[in-house]
Amino acid sequence: MSDSNVERGVMEKLVSLCKRRGFIFHSSEIYGGINGFWDYGPYGVALKRAVEALWWSEMVEGRDNVEGLDSTIICHPRVWKASGHLDKFGDMMTDCRACKARHRVDQMEDKTKCPNCGSSDLTEPREFNLMMKTFVGPVFDEDHAAYLRAETCQPIFVDFHLVRITARQKLPFGIAQIGKAFRNEINPRNFTFRSREFSQMEMEFFCKDGDSMEWFEYWRGERLRYYRELLEFGEDELRVHDHGPGELAHYAKAALDIEFKFPFGWGELEGVHHRGTWDLTRHQEFSGESMEYFDQETNSRFIPTCVETSVGVDRTVLALLCHAYDEDTAETKKEGKREEERVVLRFPAAVAPVQVAVLPLSKKLAEPAEKLYKDIKRSFRSEFDITGSIGKRYRRQDEIGTPVCVTFDFDSLEDGAVTLRDRDTMKQERVSVDALSDVLRGRAGLA
Ligand code: GAP
């Protein structure tokens, strides 16, 4: 099989595992699904929340110069007029007159033929706006039209002074937000990679223009460190695409994409963008309110320059699933077999949906094992599993990516010790219950 077929196969297996094990489901599946919308099941939501918590702790809680915000999804429609989204936020698209399919022109290999049916009877390419529209109030007319936000950062610009004043911040400082964004993508595809409803984690860092390139380089380094050290992505899985002069917005001094190697090819995970004074200037113009900052050191007023880091939660989750997916072999007690294939998700412990599973060897041990589980649960995302053979339970925990299993056996009643089984090496070690918390805490990311 060619490499690309193997990698397509990995994607199919991953999508099926995500459904089977409760990570990600197609939204409204019983109605046939809705294209570009996804639901996160019990393990998916645990993974997603762990990703958000890690980003928040890294970008907000761990820094004195970044503040948090949680704004509404629907803003005053003039926000999107000022940001430029209502006038120009879209893709060039063409319709096939023969099969009625609609395509993004930049994604068509042969721009003269419909990728769906091969017909050359295509409409002239035209721009398609990606903003999702709704109506606020009882009257459904243009005066009551509103939009679901297409990026989480615009409310950050709008609330710039409110956050600055209430948090008593001086330049340079940042404002961060995690939340939903909506885009009416023409061709949602590659599982959750391009969705119509997704979440972003964005941080806008405001500084003096003269310092902005230094901050751009700083955030480039910080964000790459986050992927390498905290999410444990390998050098072969990451690359940086620096935007050349022809790719930059007119107000930007620099921009880059951090890309991940997905099974379907390289794809953007995050953008680090120099946004100049564009957004604050536009909101000043459209609202009539000053967006200037008064600098006491130099006794001058100016609009701060912004450096942004912007990443999709769903793309991070998808990258983690792709990074973590592995197949190897494990010992088995099945008749006539010494080994069997196993599927394992090698998540970093910090984001694993379940960090510790407590498994009593027999139902007779349920009571003392459950007591231990309740203790562990206070410090780690944990699960108690009593159903099926121990081999089957290990396989299940491997498939959801649990880094450590704690097995409670009959000896545990006598020696006050349990067996720790490592997901990656499958090695087992005996640990006393008294030392268990410290041993678990000592494992990378388990805190
Ligand atoms: N505020 C800047 C901004 O929104 P963007 O490059 O359009 O920039 C930032 O989006 C990130 O949001 C992307 O790198 C990606 O991770 C995520 N993203 C964008 N569109 C998406 C979509 N349709 N589905 C899932 N994630 C998306």
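Since the structure is predicted, the reported quantities are computational estimates derived from the model, not experimental observations. We count residues from 1, following the sequence as given. Atoms within a ligand are numbered from 1 in the order they appear, just like the ligands themselves.
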Is the backbone of [Y] close enough, under 3.5 Å, to the side chain of [X] for a donor and an acceptor to pair up by distance?
X    : Y    : value
T94  : T123 : yes
N129 : L86  : yes
R196 : E185 : yes
E202 : C153 : yes

What atoms of ligand 1 come closer than 4.0 angstrom to any heavy atom of [X]?
X    : result
G312 : 11 (C), 12 (O), 15 (C), 16 (O), 17 (C)
R275 : 1 (N), 2 (C)
E268 : 6 (O), 13 (C), 14 (O)
E202 : 1 (N), 2 (C), 3 (C), 4 (O)

Heteroatom distance test ([X], ligand 1): nitrogen or oxygen, under 3.5 angstrom:
X    : result
C153 : no
E151 : yes
L269 : yes
T192 : no

Run down the list [options] and name the one with the heavy atom closest to [atom].
atom                    : options                : value
atom 27 (C) of ligand 1 : F260, F198, W38        : F198
atom 23 (N) of ligand 1 : S195, P188, S310, A255 : S195
atom 4 (O) of ligand 1  : E204, R149, R183, E308 : R183
atom 10 (O) of ligand 1 : R196, E259, Q200, H273 : Q200

Side chain to side chain contact (heavy atoms under 4.5 Å, CB included) evaluation trace for M203 with V307:
CA-CA 8 Å; M203 193 279 308; V307 174; over 6 Å; no
Angle between ring planes, F193 versus F264, binned at 30° and 60°: parallel, tilted or perpendicular?
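Judged by the thresholds at 30° and 60°, the geometry between F193 and F264 is perpendicular.
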Mind telling me whether H250 and W278 have parallel, tilted or perpendicular rings, with 30° and 60° as the class edges?
perpendicular
Which segment of E185 sits under 4.0 Å of ligand 1 when only heavy atoms are counted
side chain
In L359, V358, D385, V406, the residue satisfying side-chain contact (heavy atoms from CB on, under 4.5 Å) with Y373 is V358
Could you check atom 15 (C) of ligand 1 against the protein and tell me its nearest heavy-atom contact, residue, atom and distance included?
R315 NH1, 3.4 Å
Of the protein's non-hydrogen atoms, which lies at the shortest distance from atom 25 (C) of ligand 1, and what is that distance?
F193 O, 3.1 Å
Do D279 and Q154 come close enough that some side-chain heavy atom pair is under 4.5 Å?
yes
Under a 3.5 Å threshold, yes or no: a donor from one side chain and an acceptor from the other, between E383 and Q397?
yes
